[in-house]
Student: 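I am attaching a structure below and will ask some questions about it afterwards.
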Amino acid sequence: MDNGNGYKTDDLLKWMKGEKRGYPSVTICDGWYKSLKENYDEIAIRGIDRQITYQELEERSNIIALKLKEQGIKKADVVAIILGCPKNSIAAQLAVLKLNGVCLNIEKNHPRTRLEYMLNDSNTKAVICDDESELPDGYNGILINY
């Protein structure tokens, strides 16, 4: 029985018993591109103040991905995302995944000491944020304002 995310209940039970199994062959980006193709002009995100289509979300994520790539972000690099707007956060996550990077989503309300620890401990290469004044004073990595 499929549980809706591509895994079968039997697979889950085998995993719980310690049996090994392969990973799904579809990536998040594969799923995104399929949804984009099928729903290009449809609403992808609906907010209180505005809605965004799949096309607009794709364009936003491509802009961020290009900025990251220009700054040298590559496969397996950790990129912290500290954004207040969920729509922007989703676009940033897609951008990082398109570069095969690792998303480190951080809520905006963390104390600076905690934020500094998370950025250093994760070896974050870049931060995407909308307010650089919230970053720790010692942060020397790549900064993408969004």
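What you see is a predicted model, and the numbers here were worked out from it, not measured in a lab.
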Student: Run the side-chain contact (heavy atoms from CB on, under 4.5 Å) test on Asn39 and Lys34 for me, step by step, so that the C-alpha distance in whole Å, both residues' side-chain angles and the decisive distance to 0.1 Å come before the verdict.
Tutor: CA-CA 9 Å; Asn39 304 295; Lys34 182 179 181 205; over 6 Å; no

Student: Check the pair Thr53, Glu42 against side-chain contact (heavy atoms from CB on, under 4.5 Å), reporting the backbone distance first and the verdict last.
Tutor: CA-CA 5 Å; Thr53 65; Glu42 301 296 321; over 6 Å; no

Student: Using side-chain heavy atoms (C-beta onward) and a distance below 4.5 Å, is Asp41 in contact with Gln55?
Tutor: yes

Student: Is it true that, when you exclude Leu143 itself, more than 12 heavy atoms of the residues, nucleotides or ligands shown sit nearer than 6.0 Å to its CG?
Tutor: yes

Student: Look at atom CG of Asn140 and say whether more than 12 heavy atoms of other residues, nucleotides or ligands are closer to it than 6.0 Å.
Tutor: no

Student: Taking all atoms of both residues into account, what is the closest heavy-atom pair of Leu57 and Ile52, and its distance?
Tutor: N-CG2, 3.6 Å

Student: Is there a path of hydrophobic side-chain contacts, each under 4.5 Å between heavy atoms of I, L, V, M, F, W or Y residues, that connects Ile63 with Ile82?
Tutor: no

Student: If you define the side chain from C-beta out and look only at heavy atoms, does anything of Ile142 sit under 4.5 Å from Ile144?
Tutor: yes

Student: Would you say Val127 and Cys129 make side-chain contact, with heavy atoms under 4.5 Å?
Tutor: yes

Student: Do any pairs count as a salt bridge (charged side-chain N to carboxylate O under 4.0 Å, His left out) and have a residue in residues 120-130, sequence neighbours left out, and if so which ones?
Tutor: Lys108-Asp130

Student: Could you list all the ring-ring contact (aromatic ring centres under 6.0 Å, His included) pairs where at least one residue sits in residues 126-146, not counting sequence neighbours?
Tutor: none

Student: Kindly indicate whether the side chain of Leu119, heavy atoms from C-beta on, has any atom under 4.5 Å from the side chain of Ile106.
Tutor: yes

Student: Among residues two or more places apart or on two chains, list those pairs meeting ring-ring contact (aromatic ring centres under 6.0 Å, His included) that have a residue in residues 47-96.
Tutor: Trp32-Tyr54

Student: Looking only at non-hydrogen atoms, find the nearest pair between Leu68 and Ala95 and report the distance.
Tutor: CD1-CB, 4.5 Å

Student: Apply the test side chain to side chain donor-acceptor pair (under 3.5 Å) to residues Lys98 and Asn62: give CA-CA distance (whole Å), side-chain angles for both, the deciding distance (0.1 Å), then the verdict.
Tutor: CA-CA 9 Å; Lys98 286 178 180 183; Asn62 285 342; 2.7 Å; yes

Student: Determine, stepwise, if the pair Lys37 / Glu58 fulfils salt bridge (Lys or Arg N to Asp or Glu O under 4.0 Å).
Tutor: CA-CA 11 Å; Lys37 184 178 177 183; Glu58 173 70 358; over 6 Å; no

Student: Group every Ile, Leu, Val, Met, Phe, Trp and Tyr by side-chain heavy-atom contacts under 4.5 Å, then state whether Leu66 and Leu36 land in the same group.
Tutor: no

Student: So, are Arg114 and Glu107 salt-bridged, with charged N and O less than 4.0 Å apart?
Tutor: no

Student: Are Val78 and Leu97 joined in one hydrophobic group, where the rule is that I, L, V, M, F, W and Y side chains link up if heavy atoms are under 4.5 Å apart?
Tutor: no

Student: How close do Met118 and Thr124 get, heavy atom to heavy atom, and via which atoms?
Tutor: O-OG1, 4.3 Å

Student: Which pair of heavy atoms, one from Gln51 and one from Arg46, lies closest together, and at what distance?
Tutor: OE1-NH1, 3.2 Å

Student: How many angstroms lie between atom OH of Tyr33 and atom CD1 of Ile28, to the nearest 0.5 angstrom?
Tutor: 12.5 Å

Student: Do Ile128 and Val79 have side chains that get closer than 4.5 Å, going by heavy atoms?
Tutor: yes

Student: Taking the side chain as C-beta and beyond, is there a heavy-atom pair between Asp77 and Leu99 under 4.5 Å?
Tutor: no

Student: Can you confirm whether Asn120 sits close enough to Glu116 that some side-chain heavy atom of one is under 4.5 Å from a side-chain heavy atom of the other?
Tutor: yes

Student: With side-chain contact (heavy atoms from CB on, under 4.5 Å) as the test, would you mind laying out the steps for Leu104 and Ile81 before giving the verdict?
Tutor: CA-CA 6 Å; Leu104 175 62; Ile81 300 170; over 6 Å; no

Student: Please evaluate residues Glu56 and Arg50 with respect to the criterion salt bridge (Lys or Arg N to Asp or Glu O under 4.0 Å), reporting the C-alpha separation (whole Å), side-chain torsions for both, the decisive distance (0.1 Å), and the verdict.
Tutor: CA-CA 12 Å; Glu56 291 172 310; Arg50 186 161 184 257; 3.2 Å; yes

Student: Heavy atoms only: give me the nearest Leu115-Glu134 pair and the separation to one decimal.
Tutor: CD2-O, 3.5 Å

Student: Measure across Ser61 and Leu94 and return the closest heavy-atom pair with its distance rounded to 0.1 Å.
Tutor: CB-CB, 3.7 Å

